[in-house]
Amino acid sequence: MPGADKEADLTERIEAFLADLKRGGCGTGPIRGSGETARETTALLRKVTAQARWSSAGDLMEIIRKEGRRMTAAQPSETTVGNMVLRVLKIIREEYARSRGSSEETDQQESLHKLLTSGGLSEENFRQHFVHLKANVIEAINELLTELDGTTDNIAMQALEHIHSNEVIMTVGRSRTVEAFLKDAARKRKFHVIVAECAPFCQGHEMATNLSKTGIETTVIADAAIFAVMSRVNKVIIGTQTVLANGGLRAVNGTHTVALAARHHSTPLIVCAPMFKLSPQFPNEEDTFHKFVSPHEVLPFTEGEILSKVNVHCPVFDYVPPELITLFISNIGGNAPSYIYRLMSELYHPEDHDL
Amino acid sequence: MADCGEPDGPDNKDNITRSKNEGKELTKEEKQRLRKQKKQQKKQKERKDEKGPSETEKEKTPVSLLPPRPVATQKAPSALPAPASAPIPVPASAPFHSSPTPSPADKPAKSKAELKAERRARQETDRASKQPGSSSSSIKTKAPLSELNPVVKRLPEHVQVDDPAVVKRLAKKLERQQIPLRSDYGYKVSLFSHLHQYSRKAPLTQQLSIPSTVIHPSIVRLGLQYSQGIVAGSNARSVALLHAFKQVIRDYTTPPNEELSRDLVNKLKPYISFLNQCRPLSASMGNAIKYIKKEISNIPSQCKEEEAKTKLLQCIDRYIEEKIVLAAKAISKYAIEKISDGDIILVYGCSSLVNHILCEAFEKSRKFRVIVVDSRPRLEGREALRRLVQRGISCTYVLISALSYILPEVSKVFLGAHALLANGYVMSRVGTSQIALVARTFNVPVLVCCETYKFCERVQTDSFVSNELDDPDDLMVTRKGKTQLENWQDVSSLGLLNLVYDVTPPDFVDLVITDLGMIPCTSVPVVLRVKNLDQ
């Protein structure tokens, strides 16, 4: 039967996606960038919306939450998956509210005043059925997809506002966003880029070769030389894996050192991060923040005899506190780290923060 | 003393050094006679040249300067009034430098008369300083007043690679000493165009002929070991250098009509140039060489050759014993007081001194753990890891990019140093300043361990002006069969930078442990002054 086929097809796709996630973000450099992960997740959620059986918004939200929980459990460090699920949930709430005819403001945050006057939690249970809800939701998700497609270009367009001629810019590791940013500025301005190679994966090498092919003066330095050359750097532009709810970053390891060196020399630190990387998580020092990969990258098995007597750590991420960051450049413009909480409230609904 | 009359800087210096060496033989009267002869020759030459205005000037100055000179010879013991009186009659009004070496940059600005006046004054001071007993006092009385007269130090060649005149001068000097010149390799980052960048695959020894009569074979071996990185680390390089010099001294025979004290020093000069070409000298090596040269030139001329050689060998052994071995013992004694049970100590790279301290502390049954931080491309921390694990110390190993992850666990940071500069900055392996910076952010104390023989009089505020560039090909890495930077030479806008040293500002360092005790970073110039007075 066609329905069953489609369902089987859907579950197959989800399973394939989960397996890919489990393998993909294994730290040797994501096989897929975060942008592609976000797009795939959203496309998958659109399919779920289209094909799953649901009668009211509440049902749909339950289904999406269930799938979302499975997807985030496959790779907890890949926060874009969870972010997209939250975006879709927010879209559903908005469309539901619009269909009901109630204005946007009543659905906003629970304020103290509302709590007192309404006498308890709002009785929204999303049980009403609307005919056009499905179409509206799918249309909104398509808009989200187009927004995702254009994020890198939106960020790159702002490059000329931030880079002047003869600057020395430092960056760490490899970020597709920063690469596009710098290439866009290089069309009109001449500047020098210093790339820290970011051991042990040395993704900085790939970034340097890509940048130098477009004619940008690039220098590759070892991680150990970051503080030594920082005195000649005018700006530090980095990408990140996640933007946390307090405005801090979860970025590739070595970024905290760069941020501290930049603060010591009073060099501005600019983070190029699209909005889909914004996550409602707060940093916590427990095990869930850090992700480790095989210590073979750090101390290879050829070192033999001492391996059994030595502890070797290879963390992938670093926490950068928000006070070290000067500016966030995202597809909706430039923001200070202290404004991140407000942006988050516009993108996600507080009740969805824990999936 | 010779007075050639041409204001040519290097030649003039050669004359003066030659005259210094030979000055003991000529008496005062002979010197004056020589001077008068030379002046007359010069006057005849200039009359032929027919230079109008300068001639009158020249005729004026010898006349005006003659009267103060006989006065000055009688006042020889007091060196100070002599140079002060000499330039007063000179009509030119140029700032007077009593520095012994003329700086090449100032030369064209002075007129011939001023240069003559300077030379005159220098000769007075030289003659005065030759008087026994008055020499030390004159130098000491000169010292406080000479604070106003800048001591013009000659800038070392290896930080002036972008100046073609300096490069040419070095090439000529090496040609004279029959040492091949090492050529730079690869595209140099513009910020560092004033430094050399050599390739490890092209050692200097490939250009030497076999057999090489100019350079002693143990020095050739040493140079090769330096350039290939087989002997690395400040202490190791100094000790290897001193052992090689011992071998040189053992094989040395004084040629006839030469004195050991002068000839041996001259023999050592091409060796030092050769080693400098293989790898720029470190501060510790520089201090060791200064010490040896001083010892050699202090050998009295009536000493027999065998006696002199054994004396020198003993001096070298004593230097190694005092400055390196005993200093390490003293430093570990102080440092062990700072290590308590339950400590987690972070070390960076491979410092022989810090490893020694940790092993000693472990022998004395202190319970602590060590975290070894390492960095590409040298990966020296693995060597330190091996040594510590062999002793049985429990270790953790991370790369420097994981520093922020590991630092919250750490209680103390122990760092080694390559040199301590006179303004309190610590020059050490690249990455040390980063560790000190992050440790300060996490409020972890940073202790630097350094022997006093590594203290040097240079001052530096950043890691650019004086550094060493290592082979840039070392940064390449092959991961999963792919080498990203394989053809970096083909891409014109891509450069690789492999720095060797960096400087740590003194406010990141909490304590420096030396063989003289535990001092703050800012007390380094005090120690240097004390050391200079002792010598």
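Scope of the values below: all heavy atoms of this structure, side chains included, with no hydrogens, waters or symmetry mates. Residue numbering restarts at 1 for every chain, and letters A, B, ... go by the order of the sequence lines.
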Name the region of [X], side chain, backbone, both or neither, that has any atom closer than 4.5 Å to a heavy atom of chain A.
X        : value
B:Leu379 : neither
B:Tyr348 : side chain
B:Val189 : side chain
B:Asp462 : side chain
B:Ser493 : both
B:Thr441 : side chain
B:Leu496 : both
B:Val430 : both
B:Leu388 : neither

- Over 12 foreign heavy atoms within 6.0 Å of CZ, A:Arg263: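 12 or below, so no.
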- B:Asp341 atom CG, over 12 foreign heavy atoms within 6.0 Å: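 Atom CG in B:Asp341 is packed in, count exceeds 12.
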Interface moiety of [X] toward chain B, non-hydrogen atoms closer than 4.5 Å:
X        : answer
A:Val252 : neither
A:His205 : both
A:Ile216 : backbone
A:Glu206 : both
A:Asp318 : side chain

- Query: Who among A:Ile306, A:Val312, A:Leu260, A:Thr209 has the most heavy-atom pairs with chain B under 4.5 Å?
  - Reply: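 If we count pairs closer than 4.5 Å to chain B, A:Leu260 comes out on top.
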- Message: Please rank A:His192, A:Lys213, A:Lys309, A:His264 by heavy-atom pairs under 4.5 Å with chain B and give me the top one.
- Response: A:His264
Out of curiosity, [X] [atom1] to [Y] [atom2], how far, rounded to the nearest 0.5 Å?
X        : Y        : atom1 : atom2 : answer
B:Ser375 : A:Glu197 : OG    : CD    : 9.0 Å
A:Cys202 : B:Gln484 : SG    : CD    : 10.0 Å
A:Thr219 : B:Tyr187 : OG1   : OH    : 6.5 Å
A:Thr257 : B:Leu407 : OG1   : CG    : 9.0 Å

Report yes if some heavy atom in the side chain of [X] is under 4.5 Å from a heavy atom in the side chain of [Y]; otherwise report no.
X        : Y        : answer
A:Val229 : B:Leu191 : no
B:Leu494 : A:Val220 : yes
B:Ser401 : A:Phe201 : no
A:Glu217 : B:Ser190 : no

For [X] versus [Y], what's the shortest heavy-atom pair and its separation?
X        : Y        : answer
A:Ala224 : B:Asp502 : O-OD2, 4.5 Å
B:Pro505 : A:Phe227 : CD-CE2, 4.3 Å
A:Val298 : B:Arg382 : O-NH2, 2.9 Å

Looking only at heavy atoms and a cut-off of under 4.5 Å, which of [options] has the most pairs with chain A?
options                                : answer
B:Asn487, B:Thr504, B:Val477           : B:Val477
B:Leu437, B:Thr483, B:Val389           : B:Leu437
B:Arg376, B:Gln390, B:Arg429, B:Lys482 : B:Arg376
B:Leu475, B:Val491, B:Thr432, B:Asn498 : B:Leu475
B:Asn467, B:Val438, B:Val373           : B:Val438
B:Ile400, B:Val398, B:Leu485           : B:Leu485

- Item | Residue that, paired with B:Tyr405, satisfies ring pair (Phe, Tyr, Trp, His ring centres under 6.0 Å) out of A:Phe317, A:Phe289, A:Phe292, A:Tyr319 |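 That would be A:Phe292.
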- Message: Can a donor-acceptor pair be found, under 3.5 Å and without considering hydrogens, that links the side chain of B:Gln434 to the backbone of A:Asp223?
- Response: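 Such a contact is found between B:Gln434 side chain and A:Asp223 backbone.
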